[in-house]
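In this chain, residues are counted from 1 in sequence order.
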Amino acid sequence: MKSISLIKASMLAAGLLIGAINAQAASQTLDKIKSTGAVTMGVRESSIPMSYTTGDSRFDGYHVEICRMILADIKDKLGVNTLRINYQPVTSQNRVPLVQNGTVDIECGTTTNNVNRAKDVGFANTLYVEEVRIAVKANSGIKSIADLNGKKVATTTGTTSVQLLRKHEKANGVNFDEVFGKDHADSFLLLESGRADAFVMDGSILAGNIANSKNPKHYKIVGEVLSTEPIAIIVRKDDPEFKAAVNAAIAKIVANGKMPGLWNKWFLSPIPPKNIVVGLELSPATKNAWANLNDKPAEDYNKK
């Protein structure tokens, strides 16, 4: 009996030690912020109006402003007098690895929360639900997926948009060639210059690039919705305490009634640096995400 008690005590002690180690590991980002007074935010350069550069190494957008609000809340909770935000441009290809290796503490771009990515990073609760669509030149004659047969379709390297197009039930028998842009601006340039007949991407990115083009009336968004996707802020997977702090700040932003104003500011009003208006109305899916905060992946949104 004595030996059994000793074994149980040893197991309990080991469990407590592992718990303490895990708790310490879980707070690594918060500890870093508190000790250094700095944090690195991953941002995109051309994901208008979600996350983009306004020039001179400055960044702004819907997700960027929300992340600033989140970090301000965390700063206050940690009792840090000042918090320096270092902005790190990321791409569709390197955003996840840069969060994983600690180069970026919080990524505030246009990342789809899906089951595969959730194996590598943690997703905060969703504040934007996207519809993947097709952008074409207004005079192209392209109106649906079927019209893409024999065409060149642009997408951004590291994104899932063309895979979604190929998997769509209406894409059966539709053959097209893929062309890749290094970022969303480059992908839109492929369409603009005639090197691609269509650009498949998140509706907000398509609308933002069209609004930012020389002649917005020359382009339109057409066809079937390819996928409904939750776009979320990402953090390291092994840092649940930081994710909890991020989600607590998100809940406060929502509870304070700030989301409708943020939507109007970035999607329905003139935005810097060119005072363009994206003109994307608030969708029922996004409104529902605000009302029912969750980190469900895209697979849950597209169940039939």
| said: Which heavy atom of Arg133 sits nearest to which heavy atom of Gly223, and what is that distance? | reply: NH2-O, 3.2 Å
| request: May I ask you to check whether Phe267 and Tyr62 place their ring centres under 6.0 Å from each other? | output: yes
| field | Spacing of Ser227 atom OG and Asn302 atom CG [to the nearest 0.5 Å] | value | 4.0 Å
| Side-chain heavy-atom pair Ile142, Leu148 within 4.5 angstrom cut-off | yes
| message | Under the salt bridge (Lys or Arg N to Asp or Glu O under 4.0 Å) definition, can you give me all pairs with a residue in residues 268-296, not counting sequence neighbours? | response | Lys243-Asp295
| request: Provide the closest heavy-atom pair for Ala154 versus Ser187 in the form atom of the first, atom of the second, distance. | output: CB-O, 3.9 Å
| request: Of all the heavy-atom pairs spanning Ala211 and Pro216, show the shortest one and how long it is. | output: O-CG, 3.8 Å
| message | I'd like to know if the side chain of Asn125 reaches the main chain of Asn247, judged simply by a donor and an acceptor atom lying under 3.5 Å from each other, with no hydrogens or angles considered. | response | no
| Short side-chain to backbone donor-acceptor contact, Ser35 and Asp31, under 3.5 Å | yes
| field | Nearest heavy-atom neighbours spanning Arg195 and Ser193 | value | NE-OG, 2.8 Å
| query | Any ring-ring contact (aromatic ring centres under 6.0 Å, His included) pairs touching residues 197-219, not counting sequence neighbours? | reply | Phe188-Tyr219
| said: If I compare all heavy atoms of Val179 with all of Ala196, which pair ends up nearest, and what's the gap? | reply: CG2-CB, 3.7 Å
| field | Gap between atom CD1 of Ile85 and atom CE of Met41 - 0.5 Å precision | value | 4.5 Å
| Ser140 side chain to Lys137 backbone, donor-acceptor under 3.5 Å | yes
| task | May I have the step-by-step check of side-chain contact (heavy atoms from CB on, under 4.5 Å) for Met69 and Asp73, ending in yes or no? | result | CA-CA 6 Å; Met69 296 167 74; Asp73 184 74; over 6 Å; no
| message | Grouping I, L, V, M, F, W and Y whenever their side-chain heavy atoms are under 4.5 Å apart, do Val90 and Ile66 come out in a common cluster? | response | no
| task | Apply the test side-chain contact (heavy atoms from CB on, under 4.5 Å) to residues Thr126 and Thr286: give CA-CA distance (whole Å), side-chain angles for both, the deciding distance (0.1 Å), then the verdict. | result | CA-CA 8 Å; Thr126 300; Thr286 294; over 6 Å; no
| message | Quick check on the hydrophobic clustering: are Val254 and Trp266 connected, directly or via other members, by side-chain heavy-atom contacts under 4.5 Å? | response | yes
| Rounded distance (nearest 0.5 Å) linking atom CG of Asn275 with atom OG of Ser269 | 10.5 Å
| Is Glu107 reaching over with its side chain to a backbone N or O of Val99, donor-acceptor style, under 3.5 angstrom? | no
| query | Measuring from Ile234:CD1 to Gln100:CD, what's the distance to the nearest 0.5 Å? | reply | 8.5 Å
| task | Return yes if some donor-acceptor pair links the side-chain N/O of His63 with the main-chain N/O of Gly109 below 3.5 Å, else return no. | result | yes
| Within the side chain of Asn209, is there an N or O that forms a donor-acceptor pair under 3.5 Å with the backbone of Ile205? | yes
| said: Donor-acceptor check, side chain of Thr156 to backbone of Thr159, threshold 3.5 angstrom: yes or no? | reply: no
| query | Do the non-hydrogen side-chain atoms of Leu282 and Trp290 ever get within less than 4.5 Å of each other? | reply | yes
| message | Show, in sequence, the C-alpha distance, side-chain angles and deciding distance for Tyr128 and Glu130, and conclude whether the side chain to side chain donor-acceptor pair (under 3.5 Å) test is met. | response | CA-CA 6 Å; Tyr128 179 74; Glu130 183 65 271; 2.9 Å; yes
| Transitively linked via ILVMFWY side-chain contacts under 4.5 Å: Met259 with Leu293? | yes
| said: Around atom NZ of Lys258, are there more than 12 heavy atoms from other residues, nucleotides or ligands closer than 6.0 Å? | reply: no
| said: So Val39 and Leu83, do their side chains get closer than 4.5 Å, heavy atoms only? | reply: yes
| field | Beyond-backbone contact of Leu78 with Leu30, side-chain heavy atoms, under 4.5 angstrom | value | yes
| query | Does the side chain to side chain donor-acceptor pair (under 3.5 Å) test come out yes or no for Arg44 and Ser92, once each step is laid out? | reply | CA-CA 9 Å; Arg44 302 300 295 266; Ser92 298; 2.9 Å; yes
| Arg236 side-chain N/O to Asp120 backbone N/O, donor-acceptor pair under 3.5 Å | no
| task | Can you see which heavy atom on Pro273 is nearest to which on Tyr52, and at what distance? | result | CD-CE1, 4.1 Å
| Counting only heavy atoms not in Lys237, do more than 12 sit closer than 6.0 Å to its NZ atom? | yes
| message | So Leu226 and Ile145, do their side chains get closer than 4.5 Å, heavy atoms only? | response | yes
| task | Keeping the roles fixed (side chain from Glu65, backbone from Leu262), state whether a donor-acceptor pair exists under 3.5 Å. | result | no
| task | May I have the step-by-step check of side chain to side chain donor-acceptor pair (under 3.5 Å) for Asn114 and Thr112, ending in yes or no? | result | CA-CA 6 Å; Asn114 61 32; Thr112 298; 5.9 Å; no
| query | Are side-chain heavy atoms of Ile276 and Ile48 found at a separation under 4.5 Å? | reply | yes
| said: Would you say Val136 ends up clustered with Ile210 if hydrophobic residues are merged whenever their side chains have heavy atoms under 4.5 Å apart, either directly or through other cluster members? | reply: no
Which atom pairs, one a donor and one an acceptor, fall under 3.5 Å between side chains of residues 170-178 and the rest of the protein, sequence neighbours left out?
unit_1 : atom_1 : unit_2 : atom_2 : d
Asn172 : ND2    : Glu169 : O      : 3.2
Glu178 : OE2    : Arg166 : NE     : 3.2
Glu178 : OE2    : Arg166 : NH2    : 3.1

| field | Ile70 and Ile233, any side-chain heavy atoms less than 4.5 Å apart | value | yes
| remark: Rounded to the nearest 0.5 Å, the CG atom of Asp105 sits from the CD1 atom of Ile33 at a distance of 6.0 Å
| query | Counting distance only, does the side-chain N/O of Asp186 pair as donor-acceptor with the main-chain N or O of Lys182 below 3.5 Å? | reply | yes
| note | Rounded to the nearest 0.5 angstrom, the NZ-OG1 distance for Lys75 and Thr82 is 7.5 Å
| message | Could you tell me if the side chain of Ile231 sits less than 4.5 Å from the side chain of Thr111, heavy atoms only? | response | no
| task | Given side-chain contact (heavy atoms from CB on, under 4.5 Å), test Gln88 with Val43 step by step and report yes or no. | result | CA-CA 6 Å; Gln88 173 64 53; Val43 289; 5.9 Å; no
| request: Could you walk me through whether Ile250 and Leu127 pass the side-chain contact (heavy atoms from CB on, under 4.5 Å) test, one step at a time? | output: CA-CA 8 Å; Ile250 286 174; Leu127 292 175; 3.8 Å; yes
| message | Taking Val96 as the starting point, is it possible to reach Phe242 by hopping between hydrophobic residues whose side chains are less than 4.5 Å apart? | response | no
